[in-house]
Amino acid sequence: SFLLQCEERERRSNYPTLFEDLSEQLQADLVEEIFATSLDKIAYFRGRSPEFRLAIFKAMRIAVFAPGERLCQPATLYLIINHGGLVGQDGRIHIRGGSMNKDFMLESWSAERFKPGVALTYVQVHCLTRDEMREICDRFPKDRKEIARARMRVRARRAWRARAAN
């Protein structure tokens with residue numbers, strides 16, 4: 001099973017090379033066709049420009065985790081991309097298309113609140129750090145404004161859940 005995951009990772013790692021041969025418009029169209037469902041589940045990416053979403057896709061790196069390994073990089077968004085990939089986190093099970101650490105852009109992130117995930121099967125994820133996201137936002141001022149609004153909504157939702165839990 002691990003070798004199959006490595007083979008899949010190797011295949012996916014060639015995508016950026018293939019993308020470079022396509023026009024920007026074809027790249028954006030392809031990302032929307034393949035990746036839109038996953039991106040739309042994350043408030044920061046929903047409704048953003050195709051160029052911004054393409055930049056997000058290009059910035060994401062692929063990582064593979066074996067069962068029992070922890071997905072514990074702080075301030076990092078994880079998107080599960082393989083069939084059969086399962087990750088447990090804070091009493092929840094995440095499957096293909098699922099995402100973890102959706103609040104990765106919040107400055108108030110703290111080690112006490114961070115809940116690392118644990119791979120339950122071999123899992124392949126796309127990873128994006130807060131710093132990478134900031135760099136992309138700097139290149140897209142219109143989208144940056146909307147990201148700031150989304151960050152406020154995520155912060156408010158988090159505060160509401162914290163109050164409800166008490």
**Student:** Over all heavy atoms of both residues, which pair between Glu146 and Arg48 is shortest? Give the atoms and the distance, please.
**Tutor:**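 For Glu146 versus Arg48, the nearest heavy atoms are CB-NH2, 3.1 Å.
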**Student:** Looking at CZ of Arg53 and CZ of Arg46, how far apart are the two atoms once the value is rounded to the nearest 0.5 Å?
**Tutor:**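 Reported to 0.5 Å precision, the distance equals 9.5 Å.
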**Student:** Tell me, do Arg96 and Asn82 make a side-chain contact under 4.5 Å, heavy atoms counted?
**Tutor:**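 A side-chain contact under 4.5 Å is absent here.
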**Student:** So do Val87 and Leu120 actually touch side chain to side chain, heavy atoms under 4.5 Å?
**Tutor:**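 No, every pair of side-chain atoms sits at 4.5 Å or beyond.
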**Student:** My understanding is that only one of Ile81, Val64, Leu71 makes a side-chain contact (heavy atoms from CB on, under 4.5 Å) with Val125; could you say which?
**Tutor:**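 Considering Ile81, Val64, Leu71, a side-chain contact (heavy atoms from CB on, under 4.5 Å) with Val125 is found only for Leu71.
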**Student:** Can you find a heavy atom in the side chain of Leu79 that is under 4.5 Å from one in the side chain of Ile42?
**Tutor:**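 Of all side-chain heavy-atom pairs linking Ile42 with Leu79, at least one is under 4.5 Å.
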**Student:** Looking only at non-hydrogen atoms, find the nearest pair between Cys127 and Thr76 and report the distance.
**Tutor:**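 That would be CB-CG2, 4.1 Å.
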**Student:** Can you see which heavy atom on His126 is nearest to which on Ile62, and at what distance?
**Tutor:**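 Heavy atoms of His126 and Ile62 come nearest at CD2-CG1, 3.7 Å.
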**Student:** Quick check against the 3.5 Å criterion: does Glu132 have a side-chain atom that pairs as donor or acceptor with the backbone of Thr129?
**Tutor:**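 Yes: the side chain of Glu132 pairs with the backbone of Thr129.
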**Student:** Between Phe104 and Tyr44, is the ring pair (Phe, Tyr, Trp, His ring centres under 6.0 Å) condition met? List the steps.
**Tutor:** CA-CA 10 Å; Phe104 77 115; Tyr44 302 118; 5.7 Å; yes
**Student:** With a 6.0 Å cut-off (strictly less than), is the heavy-atom count around CZ of Arg92, excluding the residue itself, greater than 12?
**Tutor:**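 It does not: Arg92 CZ has 12 such atoms or fewer within range.
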**Student:** So, for Val154 and Ala43, which heavy atoms are closest and what is the spacing to 0.1 Å?
**Tutor:**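 Smallest interatomic distance, heavy atoms only, reads CG2-CB, 4.2 Å.
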**Student:** Do Ile93 and Tyr122 share a hydrophobic cluster (ILVMFWY, side-chain heavy atoms under 4.5 Å, transitive)?
**Tutor:**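 As far as the 4.5 Å side-chain criterion goes, Tyr122 and Ile93 are not connected within one cluster.
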**Student:** Once you round to the nearest 0.5 Å, how far does CZ of Arg144 lie from CZ of Arg151?
**Tutor:**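 So the gap between those two atoms works out to 10.0 Å.
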**Student:** To the nearest 0.5 Å, what is the distance between CD1 on Ile136 and CG on Asp131?
**Tutor:**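 Going from the CD1 atom of Ile136 to the CG atom of Asp131 covers 11.0 Å.
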**Student:** Kindly work out whether a path of hydrophobic side-chain contacts (I/L/V/M/F/W/Y, heavy atoms less than 4.5 Å apart) joins Val31 to Leu26.
**Tutor:**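 In one cluster with Val31: Leu26, yes.
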**Student:** Do the two ring centres, one from Tyr78 and one from His94, sit under 6.0 Å apart?
**Tutor:**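 That pair fails the under 6.0 Å test.
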**Student:** Between Asn101 and Gln89, is there a side-chain donor-acceptor contact under 3.5 Å, judged purely by atom types and distance?
**Tutor:**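 Yes, Asn101 and Gln89 have a side-chain donor paired with an acceptor closer than 3.5 Å.
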**Student:** Do the side chains of Ser38 and Phe45 get nearer than 4.5 Å, heavy atoms only?
**Tutor:**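 No, their side chains stay 4.5 Å or more apart.
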**Student:** Can you tell me how far the CZ atom of Phe57 sits from the CD1 atom of Ile34, to the nearest 0.5 Å?
**Tutor:**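 The CD1 atom of Ile34 is 6.5 Å from CZ of Phe57, to the nearest 0.5 Å.
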**Student:** Should Leu77 and Met60 count as side-chain neighbours, where that means a heavy-atom distance under 4.5 Å?
**Tutor:**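 When only atoms from C-beta onward are counted, Met60 and Leu77 do touch, with a gap below 4.5 Å.
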**Student:** Could you walk me through whether Gln124 and Phe65 pass side chain to side chain contact (heavy atoms under 4.5 Å, CB included), step by step?
**Tutor:** CA-CA 6 Å; Gln124 191 171 23; Phe65 295 89; over 6 Å; no
**Student:** Taking all heavy atoms of Gly85 and all of Val123, pick out the closest pair and write down the distance.
**Tutor:**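 Nearest heavy atoms, Gly85 then Val123: CA-CG2, 4.0 Å.
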**Student:** Could you check whether any side-chain heavy atom of Ile80 comes within less than 4.5 Å of a side-chain heavy atom of Ile95, counting everything from C-beta outward?
**Tutor:**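 Of all side-chain heavy-atom pairs linking Ile95 with Ile80, none is under 4.5 Å.
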**Student:** Please assess Phe52 against Ile147 for the test side chain to side chain contact (heavy atoms under 4.5 Å, CB included), listing each intermediate value before the final yes or no.
**Tutor:** CA-CA 11 Å; Phe52 179 84; Ile147 297 292; 3.9 Å; yes
**Student:** What heavy-atom pair brings Pro116 and Cys72 nearest, and what distance separates the two atoms?
**Tutor:**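 Residues Pro116 and Cys72, closest heavy atoms: CB-CB, 3.7 Å.
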**Student:** Is there a side-chain contact between Phe140 and Glu51 (heavy atoms, below 4.5 Å)?
**Tutor:**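 They are in contact (side-chain heavy atoms under 4.5 Å apart), so the answer is yes.
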**Student:** Step by step, would you call Met133 with Ile56 a side chain to side chain contact (heavy atoms under 4.5 Å, CB included)?
**Tutor:** CA-CA 7 Å; Met133 179 72 165; Ile56 292 295; 3.5 Å; yes
